[in-house]
Amino acid sequence: MKAKDWRQEQERLESVRNKLQARIAELEPEVAGLRDQAADIRKRFWEDLSINTSTTEEFEDTFYSVQQQSAMLAERERSHKRLVQQWNGMKRLLPSPYFGRVDFQEAGLSASEQVYIGVSSFVDNDGLDFLIYDWRSPIASLYYDYPPGGASYVTPAGEIEGMMTLKRQFQIQNGHINTMFDASETIGDELLQQVLSKEADSQMKSIVATIQKEQNAIIRNDKSRMLIVQGAAGSGKTSAALQRVAYLLYRHRQSIRADQIVLFSPNPMFGSYISTVLPELGEENMQQTTFQEYLDHSLGSSLRSEDPFDQIEYILTAQGEPGYEARLQGVAYKTSEAFLKALQNYGKWLGREGMRFKDISFRNRVLITAERMCAKMYDFDSSLPLFSRVVLLQEWLLDEMASLERKEREALWVQEELNYLDNEQYAEVFDMLHKERELFDLSEQYAVVRELMNNKRRGDEGDVDFAQREEEMILRSIVKKHFKPLRKSVREFSFVDVKGIYGQLFGDESSYREKTNESAIPPLWPEICRQTKEMLSRNELFHEDATPYLFVKELVEGVRTNTEIRHVFVDEGQDYSAFQYEYFKKLFPRARMTVLGDFGQAIFIQATNLEASDSPLIRLFGQADTSLVRLVRSYRSTREIVEFTKSMLPGGEEITPFERGGQKPLLTRLNDEKKRDAQIMEDIASLRAEGFASIAVITKTAAESRKVQESLRIHGGEALQLITKETREFEKGVMVIPVYLAKGVEFDGVLVYDASPEAYGKDSERKLLYTACTRAMHRLHLYTTGGWSPFVQALPADLYEQAAF
């Protein structure tokens, strides 16, 4: 580029930085002042109030004074928060104010506008001249979607058309332009080369400077209720999703908050990995959880659910054990749409017969039998939904218990407990009687007050009556205290035997067909039933049973929906079943969904093909409300690694590597395990000497990871970190990790510990090996002490280097 252009751009950059610094300095005392004002109001809140409730008028005056003081405090805190956001935004801009520029001439206008794009907006002091546009603003989409030439962008007022006469990209560091070039494409390869050649980090970074056109379509999609992103490994799915969250919070700032967006992550460690992306962009993090954490919360302490990692560990390690084939059939069936339909039919059957309840007992005697509950529920109008009748039954039970509670006051144990109250307990109960409003309604409180006043006037005459009244109230309090847990359990539907209701599904085939009208039953159904009931007898559930169990629970008790959540993001979406997606829709009825995944990495039995024409995701909201975006260009790995990994997959030829060169994957064959361990430690040392700080030894299973960590320690691998399903923080370093926990994460170097046919020989294990290899950014090594996996053996020899020891 011409020296004149460099000089002009550097001069503008310095001018913008000077204005930023001046505005930051100007805001600093204002930010501090508002903070101090809010703190002072909070501190003096009650000092400035005169509390008087003697009369109705004085009570109203006090109420409005509190309301006025609260409003003032809230306004100061809101103003302070807005100002701090603005101030922090400018401080984020200062080292690198912008990364792009487009010159755009709107149709019908003679002059073009220079649009500089950064991570947030900055307006000149006049409030009219945008020195920097936020990357999420409508006009900034020009930078991501078009090369120079005819271009347009969409605003709330409509589409603006015109000509882009210049597109320029920058790398700015500490106020100095390091790199600048004019681009003919969306984002120049030069900039991407520099970004992608860097080392892996312990936390994902924002990609706003390098967003590609297809990623921008994901980020700015505002129409679809269901957005499906099928992307190759390393295609930037998750990065684009996080920028999408930032865009939604910007675009709908008045109607969507960060806590109304939830992301379901593949594992607990992933939350740490992505935790800094949104704060980098000046936004609060959305809610993050795993589906397993949600299941555990919903099931409570009464049942323990196996997690998906224990499930896959069993599938990968238990071949040949008794019941193994039945378990596989059970996983496939219980996660299918056929089982979902069967449970829906089961709900109709329960509406006619077969409901199961638990006796309500008190002090070793049954107050209300399960049989009586069942008869009462089926006496209600049969046209009502099942859960509505259960709610009516709940109301009836609460009325019955109120009646039983009154009768219980005459029981001998109540009088005995009263007699054994010591002075301190007596005082406590008495105090409670006069403080807890829940013990008596307002008329009773007035009656007690009148009785006390009359007692004072009469002197000793009323002592006997009041003492009797007092004793009755204490007796009532004693019974109420003991009945309280029963009432609580009824309100929580503990009288419904959900475990029994779910368990009775798993009888013989004819019984199951009768209850569900299901015809396609797995061949090993008797063994599936035995395994399921054995788990239930221990108050445990297989992972594949957890969602169906909750589905049945909600058929009976009603759906617990969350209407606050407006957007649901599901990462590694191919690993969720059709059943689980249906559950998501019921759980978050007002939410739009963004599902990100790669069927090439579908390592679980219940995997869902996101882009299939008959995908359950498309049926979830309908074709008209569903959009599918396919990302086929892989950015994470070097060209050589992508060419190697994509050749493992049928249909992998459509994956396009980004043109970043590197070394070919290295296949190393050794005579025995000790030599392999020693060679791996040598290779780790070499990688670290090259400057790579994030290195993973990837194993097939968690059991193998534990064994490998121990064996590598013997050869000097004391610093190796073992990653397990309990690991919450992702950090740089050298680690040993099972492949299913490495999903979604990337490393500078990957060493696949065992690439033999024994480890990855079955077709079901092809995607496991592919997933392991695609974690590598710069270096990929595979090892064996015998032959090679058929998925490696089938690769063209020119895709890799070989070594033998």
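Here the structure is a predicted model, which means the values were calculated and not measured.
- Between the side chains of Thr645 and Thr774, no donor-acceptor pair is found at a separation under 3.5 Å.
- A donor-acceptor contact shorter than 3.5 Å links the side chain of Arg660 to the backbone of Arg636.
- Ring pair Phe692/Phe747: centre-to-centre distance not below 6.0 Å.
- Relative orientation of the Phe584 and Phe264 rings is tilted, given thresholds of 30° and 60° on the angle between their planes.
- The aromatic rings of Phe579 and Phe339 lie tilted to each other, with the angle between the two planes from 30° to 60°.
- Here Lys700 pairs with Glu765 in a salt bridge; the nearest charged N to carboxylate O distance falls below 4.0 Å.
- At least one donor-acceptor pair under 3.5 Å links the side chain of Arg592 to the backbone N or O of Ser224.
- Between Tyr740 and Phe604, the distance from one ring center to the other does not fall under 6.0 angstrom.
- Ion pairing between a basic and an acidic side chain is recognised when a charged N comes within 4.0 Å of a carboxylate O; Glu690 and Arg779 show such pairing.
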Glu572/Gln574 under side-chain hydrogen bond (donor to acceptor under 3.5 Å, both in side chains): CA gap, chis, key distance, verdict: CA-CA 6 Å; Glu572 299 296 341; Gln574 76 282 347; 2.8 Å; yes

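- Interatomic distance, CD1 of Ile219 versus CG of Leu248, reported as 10.0 Å (0.5 Å rounding).
- Between Arg619 and Glu337, at least one side-chain N (NZ, or NE/NH1/NH2) sits under 4.0 Å from a carboxylate O, which counts as a salt bridge.
- Note: Leu782 CG to Tyr753 OH = 13.5 Å, rounded to the nearest 0.5 Å.
- Salt-bridge check for Glu659 with Arg639: passed, with a basic side-chain N closer than 4.0 Å to an acidic carboxylate O.
- Both cation-pi conditions hold for Arg327 and Tyr314: the charged atom is under 6.0 angstrom from the six-membered ring centre and inside a 45 degree cone around its axis.
- Atoms CZ and CG, on Phe569 and Leu227 in that order, are 8.0 Å from each other to the nearest 0.5 Å.
- A cation-pi arrangement is absent between Arg766 and Tyr760 under the rule of less than 6.0 angstrom and at most 45 degrees off the ring axis.
- For the pair Lys767 and Phe599, the cation-pi criterion (under 6.0 Å, within 45° of the ring axis) is fulfilled.
- Between Arg168 and Asp182 there is a salt bridge, since at least one side-chain N of the basic residue sits less than 4.0 Å from a carboxylate O of the acidic one.
- Side-chain contact check for Thr699 versus Val739: every heavy-atom pair is 4.5 Å or farther apart.
- A cation-pi geometry, defined here as NZ or CZ lying under 6.0 Å from the six-membered ring centre and within 45° of its normal, holds between Lys167 and Tyr143.
- Although no hydrogens or angles enter the test, the distance criterion places a donor-acceptor pair under 3.5 Å between the side chain of Ser686 and the main chain of Glu682.
- For the pair Lys664 and Phe644, the cation-pi test (distance below 6.0 Å, angle within 45°) is failed.
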Evaluation steps, salt bridge (Lys or Arg N to Asp or Glu O under 4.0 Å), between Lys237 and Asp598: CA-CA 9 Å; Lys237 301 181 292 294; Asp598 175 16; 5.1 Å; no

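- Between Asp310 and Lys725 there is a salt bridge, since at least one side-chain N of the basic residue sits less than 4.0 Å from a carboxylate O of the acidic one.
- Each of Asp571, Thr238, Val745, Asp575 was scored for a side-chain contact (heavy atoms from CB on, under 4.5 Å) with Pro266, with one residue passing: Asp571.
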